[in-house]
Peer 1: 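The structure follows.
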Amino acid sequence: MEPSKNELKKILSDQKRIKEAKKIGLKKKLFNKKFILPSKGRLSGVYGSQRILNSKPRRPHAGIDIAAKEGTKIVAPSSGIIKLVERNMFFTGNTVIIDHGLGLISIFAHLKDVFVNEGKKVIQGDKIGSIGMTGRATGPHLHWGVYLNNISVDPMTLLNYELN
């Protein structure tokens, strides 16, 4: 599908909001030594996999997807401050970004419900939303992306190593 002019405007506006939220924020460590998965479910998308849209290869997948029943709870994988809450983004639907400090952020996309507000402090395990299929999603799932200094990293690495 090719986006209309109005949809392109929305896409560019959404990208600007996300780009702004990805800028390095808090210069202190808020994250825990070990991250947890933000939701229970089946891993349906892995980091770095090739995406195809309109029969054309696109950017590799910059996160993981966790498929689960709509309404399944999503929790903060580590402590931080809610940096962005945006509803109805074109691609990512209801979207939340957590700033974990020191240039480390988490992005959560396609949420059904959002239970946090911008500026709110969350601790690991706090409920932030529920799995949905808002935006461009073919089924209920959570997209979890992680960026360090605005560079995409595999969220699974945060589960496997202790961070100091």
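What you see below is based on every heavy atom in this structure, not just the backbone, and it leaves out hydrogens, waters and symmetry mates.
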Peer 1: For Arg17, is there an ion pair with Glu118 - N to carboxylate O distance below 4.0 angstrom?
Peer 2: yes

Peer 1: To the nearest 0.5 angstrom, please state how far the OG atom of Ser39 sits from the CD1 atom of Ile74.
Peer 2: 5.5 Å

Peer 1: Looking at Asn32 and Ser79, would you say the former's side chain and the latter's main chain have a donor-acceptor pair under 3.5 Å?
Peer 2: yes

Peer 1: Would you name the heavy atoms of Leu102 and Leu148 that are closest together and state the gap between them?
Peer 2: O-CD1, 3.9 Å

Peer 1: Between Ile107 and Tyr147, does a side chain to side chain contact (heavy atoms under 4.5 Å, CB included) hold up when you go through it step by step?
Peer 2: CA-CA 8 Å; Ile107 297 179; Tyr147 290 80; 3.7 Å; yes

Peer 1: Indicate the atoms forming the closest heavy-atom contact of His141 with Ile131, along with that distance.
Peer 2: N-CG2, 3.4 Å

Peer 1: Flag the pair Ile36 / Val75 as yes when at least one side-chain heavy-atom distance between them is below 4.5 Å, and no otherwise.
Peer 2: yes

Peer 1: For residues Pro77 and Ser106, determine if any side-chain heavy atom of one lies less than 4.5 Å from a side-chain heavy atom of the other.
Peer 2: yes

Peer 1: Side chains of Thr92 and His143: any donor to acceptor distance under 3.5 Å?
Peer 2: no

Peer 1: Looking at Lys83 and Lys23, would you say the former's side chain and the latter's main chain have a donor-acceptor pair under 3.5 Å?
Peer 2: yes

Peer 1: So, the side chain of Asp99 versus the backbone of Ile82: is there a donor-acceptor pair under 3.5 Å, distance only?
Peer 2: no

Peer 1: Taking Ser4's backbone N and O only, do any of them form a donor-acceptor pair with Glu7's side chain (distance below 3.5 Å, no angle check)?
Peer 2: yes

Peer 1: Nearest 0.5 Å, please: how far is OG in Ser13 from CZ in Phe90?
Peer 2: 12.5 Å

Peer 1: Quick one: pull up CG in Asp14 and CZ in Phe91 and give me the separation to the nearest 0.5 Å.
Peer 2: 9.0 Å

Peer 1: Sub-3.5 Å donor-acceptor pair from the side chain of Thr134 to the main-chain atoms of Asn94, do we have one?
Peer 2: yes

Peer 1: Show the nearest heavy-atom pair for residues Met89 and Ile18, with the distance to one decimal.
Peer 2: CE-CG1, 3.8 Å

Peer 1: Determine whether Ile81 and Ile123 fall in the same hydrophobic cluster, where Ile, Leu, Val, Met, Phe, Trp and Tyr are linked whenever their side-chain heavy atoms lie under 4.5 Å apart.
Peer 2: no

Peer 1: Donor-acceptor pair, Lys10 side chain versus Asn88 backbone, under 3.5 Å?
Peer 2: yes

Peer 1: Would the distance check show the side chain of His110 and the main-chain N or O of Leu142 forming a donor-acceptor pair, the cut-off being under 3.5 Å?
Peer 2: no

Peer 1: If two hydrophobic side chains count as joined below 4.5 Å and joins carry through other members, does Val96 share a cluster with Leu84?
Peer 2: no

Peer 1: Leu104 and side-chain contact (heavy atoms from CB on, under 4.5 Å): which partner among Asn149, Leu30, Val146?
Peer 2: Val146

Peer 1: Test side chain to side chain contact (heavy atoms under 4.5 Å, CB included) on Phe35 and His100 and set out the steps.
Peer 2: CA-CA 11 Å; Phe35 277 55; His100 300 293; 3.8 Å; yes

Peer 1: Give the minimum heavy-atom separation between Phe115 and Gly129, together with the two atoms involved.
Peer 2: CD1-CA, 3.4 Å

Peer 1: So, does Thr72 use its side chain to make a donor-acceptor pair with the main chain of Lys69 at under 3.5 Å?
Peer 2: yes

Peer 1: Is there side-chain contact between Ile66 and Arg42, with at least one heavy-atom pair below 4.5 Å?
Peer 2: no

Peer 1: Would you compute the distance between atom CD1 of Ile128 and atom CG of Leu111 and round it to the nearest 0.5 angstrom?
Peer 2: 6.5 Å

Peer 1: Please check if atom NZ in Lys73 has more than 12 non-hydrogen atoms from other residues, nucleotides or ligands closer than 6.0 Å.
Peer 2: no

Peer 1: Is there a path of hydrophobic side-chain contacts, each under 4.5 Å between heavy atoms of I, L, V, M, F, W or Y residues, that connects Leu159 with Ile98?
Peer 2: yes

Peer 1: Check whether any side-chain heavy atom of Asn117 sits under 4.5 Å from a side-chain heavy atom of Val85, and report yes or no.
Peer 2: no

Peer 1: Counting neighbours of NZ on Lys34 that are heavy atoms of other residues, nucleotides or ligands and sit closer than 6.0 Å, is the number greater than 12?
Peer 2: yes

Peer 1: What distance do Ser130 atom OG and Glu70 atom CD have between them, rounded to the nearest 0.5 Å?
Peer 2: 7.5 Å

Peer 1: Measure from the side-chain N and O atoms of Thr95 to the backbone N and O of Gly93, and report whether any donor-acceptor pair falls under 3.5 Å.
Peer 2: yes

Peer 1: Enter the distance from Ile97:CD1 to Glu20:CD here, rounded to the nearest 0.5 Å.
Peer 2: 10.5 Å

Peer 1: Which atoms form the tightest heavy-atom contact between Phe108 and Pro38, and what is the distance?
Peer 2: CE2-CB, 3.9 Å

Peer 1: Closest heavy-atom contact between Ala21 and Ile105?
Peer 2: O-CD1, 4.4 Å

